[in-house]
Amino acid sequence: MNLWNKTSERTLMQGDYRPSIIEKKWQKIWEETGTYRQYFRKKKYYVLDMFPYPSGAGLHVGHPRGYIATDVIARFKQLEGYGVLHPMGWDAFGLPAEQYALKNKLHPSVSVKKNIATFKGQLAKIGFTHDWEREIDTTDPEYYRWTQWIFLQLWKKGLAYESFDPINWCPSCKTGLANEDLEQGKCERCGSTVEKKPLRQWVLAMTRYADRLLKDLESPELRWSESIKDQQRNWIGRSEGVEMVFPIAGTESELRVFTTRVDTVFGCTYVVVAPEHPLIDVLSADISNLEEVRKYLKRAASKSDLERTELAKEKTGIKLEGIEAVNPFNGERVPVYVADYVLGSYGTGAVMAVPAHDERDYEFAVRYQLPICNVVAAYVRMTGACAPLEGKETTSKDCVTAFIKHPTEKKYLVLRWPDGHSVGFVGGGIETGETLEAAVSREVVEETGFRNFSITETLLPHLYGHGYKPRKDVNCHDHDTFFLIQLNDLERKSSEEDTGEHAAVWMEEDMVSEKITLDHHRFVWKRYLEVQRTFCEDGILVNSGEFTGLTSAEARKRMTVWLTKERLGKKKVNYKMHDWTFSRQRYWGEPIPLVRCDACGVVPVPEKDLPVLLPKVKSYEPTGTGESPLAGIAKWVNTVCPKCGGKARRETNTMPQWAGSCWYYLRFIDPKNTKALVDKRKEAKMMPVDLYVGGTEHATRHLLYARFWHKFLFDIGVVSGEEPFGRLVNQGLITASDGRKMSKRWGNVVNPDEVVADFGADAFRLYEMFMGPFGQTIAWNTDGVVGTRRFLEKIWKLQGKVSKTASRVSNREMESLVHQTIRKATVDIEDFKFNTVVSSLMVLVNTFEKQVSVPISQYRVLLLLVAPFAPHIAEELWSRLGNTKSIFLAKWPEWDESKILTESVSIAVQVNGKVRTVLTVASGTDEKEVTRLALADANVRTHLAGRTPRKIIFIPGKILSIVV
RNA sequence: GGGCCAGUGGUGGAAUUGGUAUACACGCGACACUUAAAAUGUUGUGCUGAACAAGCAUGUGGGUUCGAGUCCCACCUGGCCCACCA
């Protein structure tokens, strides 16, 4: 690298390409001219980066990857004639900023300013089109006044409410956290184990928007990756079920449980409540082992979430002696347990336990020796790869196969029937009083035409649920336990009844293991036997009173109707997502604009008095008491009630760090507006964001919160659309060359400033785009930058070959290549396939180099294509061609399909699947002619070795395949 | 434990979506220029071969196909997200 640096300096001395001079020159000119923006033109394009938190460490080479991509797009769209909005700002409130300030003994307002300056300096060197006139800093009172304003609107609509429920508390960060801020029960920031702490909190009723947040993910305007959408769906975690009542026998009390599987209710053998459940207190008089229960509760409470998750395999609980719950469906009395595997925060905090059909309940039941009652029978369905049947043409890929092993010999009977004709609901006969065995027999006969068999007992209990008992003695690695059906008359086949719809054939064991993927089926059985001792899928109801014989789905419907009619329950939708815990007990955040008056209660700060300024104080360490450090500032806290003028106290909690980023994209549109957070007309013109680029780590926080706020702003008429972000593209991580994340801690950070100093900003930008697919994680390698630098130098040197007189038609191949490259660049930039764009530009330049001269028109095209990636050199060369206006005021070139040469194509000739020669023929040459040429080819003739072709496949323009 | 994604030369990666695998770049070798080195240029570079002969090669094993990096099945490895959500 140093070597390169020296030599590049020498190159400068020779008057060659000098990024250090050129780039400074153009960066200055662009700054002065405002980079030719016209936002409110007819065609707008809003391209946005997830704005950074300006950390003290500054940028490393991984950060700009997304910014370079958006800059390429912004410049490309500008060349295409759009009015491009491409702003940048700082998300500077929050814990990281505060912790950084504490550590460096600075006030956060000071350190934030300092860090912003560092970031801005680093970004400036890379040559972005960011419009700094629209810069946003979330900690600027003129910005957070509107964050506070939005909070007030939420409060007014009842969407911000006070809660006293226990919340997630990080003892190290000394603040409450939202559910979204946890990672496996630990604080996402510091990794401390999070505790539950009862604390007064402001909470945003995000769950009220859950359905809309979920539904609008399907909108075609939301061009997001499926994986991000999935993460959001998962996070929202909607589940439909019923809430129903289990009365407590002999009391007035009742227990409400939520379940998605009412169909298994007849299998309920006990019920469980969470340790936090109020029922325990309500019924304390009836609980005979109250002492022990209390002890358990204490233990459960002191258990960290870590223990609750990591020791999940060891479920614990205790029976509430003296009380019993009544199953509303059959009047059966079942015991009530407290166990911490039931979450207090989800559903009703109580569940009906069906060990036969729920793995968690099963585990608990085994541990506490509770009965297991199976009420849902499986139906057999084995779908897998097609078994090749002797002498039969097999076309269907999805057909159903069953393997039955010969009891004494090494062979299998393979039963096969087409897809859609699975064995079906074995057990369907129960309704008519048929035995299960009879039902299975009937199905097999009907489906396979094979009559002489009996059913082994080994598997039946597992499959059909009668007298269900987990069988630990079954060794699933033993092939003999895989059979469902045993044939009695081994020599008979169903051939005479074989209509072609189904078939049975004997196969040798070797053949089976070699030719058929028995593994798959083995795997299925294994799941039944080992992993899934409980049957958790839908099936056919058995032992379920009047509901016996129904399918699970049908039973759920009818049972819900019954419950509703009997007033014992109703349909209910639950979400995993919680309401958003919105207050933090820290200093560095937006103050919540509410005051508490003894007389009037909670009163909003009038909008005209916004912003409520964060007081500037010397000491702002968190208290750890659950009170914000602001509470200690009497001068600030004590205020006057806006309503009655009496004594009042300010709310001292602050907003979480995610508040400011919930709406910043709106402020960029109208950053200086003092009347509204955004002018309605401008908003309607510029929204939604056309392209949003950032990392996947924001999938369930920023992107969910922002959508929630946007929908709310839509509801109160502030914005014109329901969704803020149209197309979302996620950039991949750039790791250090050792494969680890770049971090001070590892000492593997590469600063973009160094790379820019050594190779120039253009080479750096090109390399980041060239190194690999944009969405992929990739390791940084500074050695690779020389490649893009060389590429730029080649473009520079091409100046000497530019000919103003060279005729445009002088070289049709060149013309064709130029048009192909335009096409490739235009299409691939749109698809974020920047690496292949750069490759094709390199091909073009390499080809130009080999020419004696390059027509000026083609050189102009090259500069335009390169400009989004390497704007400085493009601008410089453009001006050297005599242009007086910026290259970014020029027009992106269009390609002409007719200029792309297609007269001759090369056709590969394969003999038995192997390429033996490549023919170059005029396009449109017909099969006959190509075949003739191919057969005349010496190499082809050698490989044909005199044999006559059995079959010839011809794909025009591509391939001729000869089969002998 | 569940879900999603990936695995191609010494390295980063291409491959028109089932049709000539390894484009482009790094690195490395040879040559030219040079007193010399660097830079630059020319050229070579998947592996086995003396070979522009012939094989063998896209994590492993099977399958479908005239033809598979691409489709199907199973397995192995790595990554990301979620994780007692009833």
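Residue numbers start from 1 in every chain, and the chains themselves are labelled A, B, ... in the order their sequence lines are given, proteins ahead of strands.
Across all strands shown, the partner of B/C80 is B/G3, judged by Watson-Crick or G-U wobble contacts whose two distances both fall under 3.5 Å. The partner of B/U20, taking Watson-Crick or G-U wobble pairs whose two distances both stay under 3.5 Å, does not exist in any strand shown. Under the Watson-Crick or G-U wobble criterion, with both distances below 3.5 Å, B/G46 is paired with B/C56. Summarising the base pairing, B/C26 is matched to B/G10 through a Watson-Crick or G-U wobble pair whose two defining distances lie under 3.5 Å.
Comparing the C1' positions of B/G61 and B/C76 gives a spacing of 10 Å, expressed to the nearest Å. Comparing the C1' positions of B/A32 and B/A15 gives an interatomic distance of 35 Å, to the nearest angstrom. Between the C1' atoms of B/G13 and B/A6, the separation comes to 14 Å (whole Å). On the C1' atoms, B/G69 is 11 Å away from B/G18, given to the nearest whole Å. The C1' atoms of B/U42 and B/G79 are separated by 43 Å, rounded to the nearest whole Å. With both ends at atom P, the span from B/U70 to B/U64 equals 15 Å, rounded to whole Å. To the nearest whole angstrom, the two C1' atoms, one in B/A83 and one in B/G12, are 35 Å apart. B/U20 and B/A68 are spaced 11 Å apart, taking the P atom of each and rounding to whole Å.
When heavy atoms are screened at a 4.0 angstrom cut-off, A/His578 is found touching no nucleic acid atom at all. The residue A/Val351 sits close to a base: some heavy atom pair falls under 4.0 Å. In this structure, A/Ile778 reaches the sugar-phosphate backbone alone: every heavy-atom distance under 4.0 Å involves primed, P, OP1 or OP2 atoms, never a base. Within 4.0 Å of A/Asn939, counting heavy atoms only, lie sugar-phosphate atoms of the nucleic acid but no base atom. Within 4.0 Å of A/Asn835, counting heavy atoms only, lie sugar-phosphate atoms of the nucleic acid but no base atom.
At most 12 non-hydrogen atoms from other residues, nucleotides or ligands lie less than 6.0 angstrom from NZ of A/Lys741. Heavy atoms from other residues, nucleotides or ligands lying under 6.0 Å from NZ of A/Lys229 number more than 12.
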Distances under 3.5 Å between protein N/O atoms and the N/O atoms of nucleotides 19-22 of chain B, please, pair by pair.
residue : atom : partner  : partner atom : Å
B/G19   : N2   : A/Gln910 : OE1          : 3.4
B/U20   : O4   : A/Ser906 : OG           : 2.3

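Contact annotation: A/Arg916 does not reach the phosphate of B/G67 (side-chain N/O to OP1 or OP2, under 4.0 Å). One finds a side-chain N or O of A/Ser239 lying less than 4.0 angstrom from the OP1 or OP2 phosphate oxygen of B/A86. The side chain of A/Tyr346 places an N or O atom within less than 4.0 Å of a non-bridging phosphate oxygen (OP1 or OP2) of B/A86. The shortest distance between the side-chain N/O atoms of A/Arg790 and the OP1/OP2 oxygens of B/A39 is not below 4.0 Å. The phosphate of B/A25 has OP1 or OP2 within less than 4.0 Å of a side-chain N or O from A/Asn846. Contact annotation: A/His357 side-chain N/O to B/A86 OP1/OP2 distance is not under 4.0 Å. For A/Gln776 and B/G13, the shortest distance from a side-chain N or O to OP1 or OP2 is below 4.0 Å.
Atom CG of A/Leu182 and atom P of B/C81 are 15 Å apart (whole Å). The distance between atom CG of A/Leu766 and atom C1' of B/G13, rounded to the nearest whole Å, is 16 Å. The CG atom of A/Asn781 sits 8 Å away from the C1' atom of B/U11 (whole-angstrom rounding). Between the CG atom of A/Asp828 and the C1' atom of B/C24 there is a distance of 13 Å, rounded to whole Å. In this structure, A/Lys229 atom NZ and B/C81 atom C1' are separated by 17 Å, rounded to whole Å.
Checking B/G41, B/A86, B/C56 against the side-chain heavy atoms of A/Lys914 singles out B/C56 as nearest. In the set B/C84, B/A25, B/G41, the nucleotide with an atom closest to the side chain of A/Phe770 is B/A25. Distance from the side chain of A/His943 is smallest to B/G55 among B/G55, B/A25, B/G41. Among the nucleotides B/G41, B/G13, B/A86, the one closest to any side-chain atom of A/Pro773 is B/G13.
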(request) Could you walk me through whether A/Phe770 and A/Phe834 pass ring-ring contact (aromatic ring centres under 6.0 Å, His included), step by step? (result) CA-CA 6 Å; A/Phe770 177 67; A/Phe834 304 115; over 10 Å; no

(message) Is there a ring-ring contact (aromatic ring centres under 6.0 Å, His included) between A/Tyr767 and A/Trp780? Walk through the geometry before answering.
(response) CA-CA 10 Å; A/Tyr767 181 63; A/Trp780 178 260; 5.3 Å; yes

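Scanning for side chain to side chain donor-acceptor pair (under 3.5 Å) contacts around A/Gln799 gives an empty result, with sequence neighbours left out.
Formation of a donor-acceptor pair under 3.5 Å by the A/Ser816 side chain with backbone atoms of A/Ile900 is not found in this model.
Defined by atom type and a distance below 3.5 Å, a donor-acceptor pair is present between the side-chain atoms of A/Trp235 and A/Glu180.
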(request) Indicate for each nucleotide in nucleotides 3-8 of chain B, in 5' to 3' sequence, whether protein heavy atoms under 4.0 Å reach the base (B), only the sugar-phosphate (S), or nothing (-). (result) ------

